[in-house]
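Each chain gets a letter, A, B and so on, in the order the sequences are listed, and its residues count up from 1. Bear in mind that the values here come from a model prediction, so they are computed numbers and not experimental data.
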Protein chains: 2
Amino acid sequence: MVILDSESNVPLYLQLRTQIIESIVRGELAKGDTLPSVRALAGDLGINMHTVNKSYHELESKGIIKIVPKKGAVIIADAKKHALKQQYENLVEDLRPVVAEGLVYGLSEADFQQLISSIISKIKEESS
Amino acid sequence: MVILDSESNVPLYLQLRTQIIESIVRGELAKGDTLPSVRALAGDLGINMHTVNKSYHELESKGIIKIVPKKGAVIIADAKKHALKQQYENLVEDLRPVVAEGLVYGLSEADFQQLISSIISKIKEESS
DNA sequence: GATTTGTTATAGTGAAAGTAGAACAAAGGT
DNA sequence: ACCTTTGTTCTACTTTCACTATAACAAATC
């Protein structure tokens, strides 16, 4: 179940990308499953086909799905495997400014551990 | 010492904002210190005054500095104090999509702890 | 009194985000 | 074979964001 907020300052294609990622984390989408076609999903969500297409390509660039032209988008992410070096480096790049912000607020390393733990729980709640 | 990359896909005002935050975390800037004037810093960095101004207002909206018109920008962040509720919630909002991405790559909670730890070390290295 | 300060206003360029419509070739279903 | 669906590609448009540029203002500083 995907819910988009067109009023959000977060672009639609990023909202969609993140929600698909979280669905995979929850196990609602598993390795080998195929995503709906860009036209079908765009129709369901009431947004443009190209916006969905952009989300799919975001996921493909991260190595999470594989888009096979005229076939469909297949999930290849495997939560049991270890992250690739490139994926790890991209994570660090995204994480660093947020961690710096937390530190300047006075968060300790232990605070971060607790924060991460609660976020993971939140993501894994179904019907999120 | 601030170094900006005009080729980066990260906006200049966000690069500057993050580097000021990291300087505070490292202790190079302390509570009560004043930042250079927007004109002076813009001149040093070779960018426009308004870009620096935008960074300062970003920092003020996060409660990290206080801008006093005709006076200067004073650092009010105190790493010894605990984060405010609003600051905490903003952190969660920024962190969630990145954590979800890490999970889909197969990172465990322990992996995240190690990752955070290494990022904190990296931020605290002087001459970063 | 002259300089510096942050603020405000206007204006412009370039890129990104999103929408829209159309056409294409290939795969799939009938 | 025929038709539909598929992802891709192209053009085109609007809106917003990022950044620069110049100017003027009032208040603080020296």
| said: If you compare all heavy atoms of B:R96 against all heavy atoms of A:I123, which two are closest, and at what distance to 0.1 Å? | reply: O-CD1, 3.8 Å

Tabulated below should be each protein N or O lying under 3.5 Å from an N or O of nucleotides 21-25 of chain D; please produce it.
unit_1: D:dT22; atom_1: O4; unit_2: B:H50; atom_2: NE2; d: 3.2
unit_1: D:dA24; atom_1: N6; unit_2: B:R39; atom_2: NH2; d: 3.2

| said: On the nucleotide C:dG18, are OP1 or OP2 found under 4.0 Å from the side-chain N or O atoms that A:T51 carries? | reply: no

| said: Below the 4.0 Å mark, does D:dT8 have OP1 or OP2 next to a side-chain nitrogen or oxygen of A:N53? | reply: yes

| query | Taking for each residue the nucleotide of DNA chain C bearing the nearest heavy atom, is the 5' side occupied by B:I67 or by A:L12? | reply | B:I67

| message | I need the NE2-P distance between A:H57 and C:dA17, as an integer number of Å. | response | 15 Å

| task | To the nearest Å, give me how far apart NZ (A:K54) and P (D:dG7) are. | result | 18 Å

| query | What are the two closest non-hydrogen atoms of B:F112 and B:G102, and how far apart are they? | reply | CZ-CA, 3.7 Å

| query | Is there a donor-acceptor contact under 3.5 Å linking the side chains of B:Y105 and B:E101? | reply | yes

| remark: B:L41 CG to C:dT4 P, in whole Å, measures 17 Å

| request: Check the pair B:H57, B:K54 against side chain to side chain contact (heavy atoms under 4.5 Å, CB included), reporting the backbone distance first and the verdict last. | output: CA-CA 5 Å; B:H57 280 276; B:K54 193 167 185 178; 5.9 Å; no

| note | On a heavy-atom basis, the closest approach of A:L107 and B:Y88 is CD2-CE1, 4.3 Å

| query | Between A:V25 and B:V104, which heavy-atom pair has the shortest distance, and what is it? | reply | CG2-N, 3.8 Å

| task | Among the candidates D:dT6, D:dA18, C:dT7, find the nucleotide nearest to the side-chain atoms of B:P11. | result | D:dA18

| remark: Under a 4.0 Å heavy-atom cutoff, the residues of residues 13-21 of chain B touching DNA chain D are B:Y13

| field | Sidechain N-carboxylate O distance under 4.0 Å for B:E22, B:R26 | value | yes

| remark: Nearest heavy-atom approach of A:L12 to A:S6 is CD2-CA, 4.0 Å

| request: Provide, to the nearest angstrom, the distance between the CG atom belonging to B:N9 and the P atom belonging to C:dA16. | output: 9 Å

| query | Starting at NZ of A:K71 and ending at P of C:dG29, how long is that distance when rounded to a whole Å? | reply | 10 Å

| message | Output the rounded distance in Å from CD (A:E7) to P (D:dT15). | response | 16 Å

| request: Give a yes-or-no answer on whether the side chains of B:S108 and B:D111 include a donor-acceptor pair shorter than 3.5 Å. | output: yes

